[in-house]
Amino acid sequence: MMLRRVKIIAASCVLSLGGMGSALAGQTYTKNADFDWGQLKGVDHAPPNDDQLQITLGDNPIPPPFMWVANFADGTVTKISTDTGGQVAKYHSVLMRNWDGSVPQGITLPIPGADCNSPSRTTVDGDDNAFVANRGFCTDSTTYTRATVTKFAGSLGYCVDRNGNGLIDTSRDVNGDGVIGREPPEFLGQADECILWTRNYAEKGDLGRSVAIDGDQNIWLGGYSSSKLWKLDGKTGALLQTIDLNAEKGTIANIYGLAVGPEGFIYTSDLTAKRLRKIDPKAPVGRRVVAEVGVSTPTYGLAVDRDGVAWLGSWADESPGRGGVLRVDFKTGKEEKILVSSSTDCTGLTRGVAVAGNGDIWVACYSTHKLLHFRRSRVTGSVFFNKSYATDSGTLGVTIDDHQRIWTSNYDTNSVTRVDPGAGRVQLSRPAGGIPYSYWDMSGYQYRNSTIRQGEWVVVQEGERLGAQWGTIHWNRESAGSVPAETAIEVSVQASDDSRALSSQPVFPVTRGVSFTGAGVTGRYLRVRAVLRTKNLTQSPVLSDLSIIPSWSWGESPAFMCEGTVDGTPPPHVQPCAIPQVGIIARWQGVHCRWLYENRSRIQSGNRDVERHRSSIHRQAAPYGDLAQ
Ligand SMILES: [Ca+2]
Ligand SMILES: [Ca+2]
């Protein structure tokens, strides 16, 4: 459960006086103590970079505390809490009819145990939303299915109240047993308002076995036999680009695994032709496959580290010999097999691969039902086998959570297993919710490790009135703020009169310095989320300051305000003091007066005025008795 500290803009009630308006200050966050009012996740104000926020570019990415497991036979995707291992939601892996009225082609209503859509690879974007690629596995003439991709809202704010009942109708664990049932109210099927859309990309018979997100939060999908790549808009699913890799290169390969690494390069693994590719999607047509490496073994799972080196599962049975992980460096064009110590650890058939923030490699070994740990030397950079962990049987996929714990999905036993590398032990196994066939980036960790780095800051602001229309958010007005090339700062808000309902309100993207009054974002409470993101893995943008400027604070000049209780009754009231209001003030007790007004011209005139104004608040605070002088 997220802790929210609420910063109050002004006293909770305003007595408006004719001519003066109810002028109240905005709120500026600029010092360490200001930012600490909010929740910092993957950002810091560590010295010497105080009084600003930057991405913590250390070892450890912090994905959302969930993993998304595709259950191929049931046609569902389970969302599992990585805190508890319990299922928190389950969704159909396709929408038969999109909410915009469009109808995806070549899909079937999921049937438990006999689904044709056959969802497998999942991944998570920088806003915590998830995607699943459906392979489209049935190829006979009557029930043929086509590859599709479906987007799921990762939080209630991205779900949409389609039926207008004022609630987000969605799957959840109503009875709290850690398992999602097959019927409402725990499972809503097609009516679930957190399934956002399903889109086609590949042609009939061209299986969709891969999905990855790029640094701009768009999605890349591969066609297995065509070896084509499609880029879809991550928000809408609209087609943005197509690349025919075989035509580009003049060779024949398939796309099995897919990953986007540093600098936006795309990598593919290949189960059949054993050709691995590195692609620059921005290069001119005909020059997009920038490297191709033929390897000695069929490759399965694929993960790319922060140096752009590919790590792959080897789909070969080495029994009675030893299996391991394949390292492929596209700069040298060389492959290297790093083997386990003994055949007890693994005899081959390695599938999912994940690279940890510290550079270690984690691999699912299907033949021995084990999770393999390969350690990377901090000194030499070389990688060597460390140890194996016995998981539930059928170890297929591997992903890493926000506490740097390692999870496997286990095909044979319909389960997920968590390993704590710090303690060096298996912690728990829990039901996966179907037959899991997920081996790619189930938590979004890989995305946040080697495609981008990001962090976020969330603060809840309380206004002084119900139904507040809010106004403008401004940031980086101080010179310390910066958004270098390849980086971004994105701010969004949710508003509600009920602070407990904030998280289920629609997420509204804010443009810097542009008023959103009248945009339908209303409520006494405003939840502000600032995301700092970079495609350059070694450079962060800087959020030096952020101001929430309610439209009701706008005016031409500052006003001297008093606050206190009326007739001893809380909450405190705020009122302009410039005009004597004897009848009211006489009844106030404990009245303090101060400048509480931040006008538009000052806000926009730069940091110096804001700072002067802020200090004046404190300097001029005085008891009511002083005001009388
Ligand atoms: Ca609804
Ligand atoms: Ca349940």
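Each residue takes its place number in the sequence, starting with 1. Note that ligands are numbered from 1 as they come in the structure, with each ligand's atoms numbered from 1 the same way. All values reported here derive from a predicted model rather than from experimental measurement.
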Query raised in the report: Does R135 count as lying over the ring of Y437, i.e. NZ or CZ under 6.0 Å from the six-ring centre, within 45 degrees of the axis?
Result: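 That pair qualifies as a cation-pi contact.
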Query raised in the report: Is the charged tip of K151 near the ring of F131: under 6.0 Å from the six-membered ring centre and within 45° of its axis?
Result: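 Judged by the rule, K151 and F131 form no cation-pi pair.
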Query raised in the report: Do the rings of F72 and Y411 sit parallel, tilted or perpendicular, given the 30° and 60° boundaries?
Result: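 Plane angle under 30°, so parallel.
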Report task. Give the ring-plane orientation class for H92 versus F187, where under 30° counts as parallel, over 60° as perpendicular and anything between as tilted. Result ->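 Because their plane-to-plane angle is over 60°, the rings of H92 and F187 count as perpendicular.
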Query raised in the report: Which protein N, O or S atoms lie under 3.0 Å from the Ca ion (ligand 2), given by chain and residue number?
Result: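 Counting only protein N, O or S atoms under 3.0 Å from the Ca ion (ligand 2), the list reads D173 OD1, N175 OD1, D177 OD1, V179 O, E186 OE1, E186 OE2.
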Taking the Ca ion (ligand 1) as the vertex, how big is the angle to [atom1] in [X] and [atom2] in [Y], rounded to 10°?
atom1	X	atom2	Y	result
OD1	N165	O	L167	80°
OE2	E193	OD1	N163	70°
OD2	D169	OD1	D161	170°

Requested in this report: Could you tell me whether Y256 and W315 have their ring centroids closer than 6.0 angstrom?
Outcome: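 Ring-ring flag for Y256/W315: false, centres at least 6.0 Å apart.
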Query raised in the report: Between W470 and F516, does the ring centre distance come in under 6.0 Å?
Result: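 Here the rings of F516 and W470 have centres that are no less than 6.0 Å from each other.
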**Report entry** Y439 side chain to Y300 side chain, donor-acceptor N/O pair below 3.5 angstrom
**Finding:**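 No - no donor-acceptor pair under 3.5 Å links their side chains.
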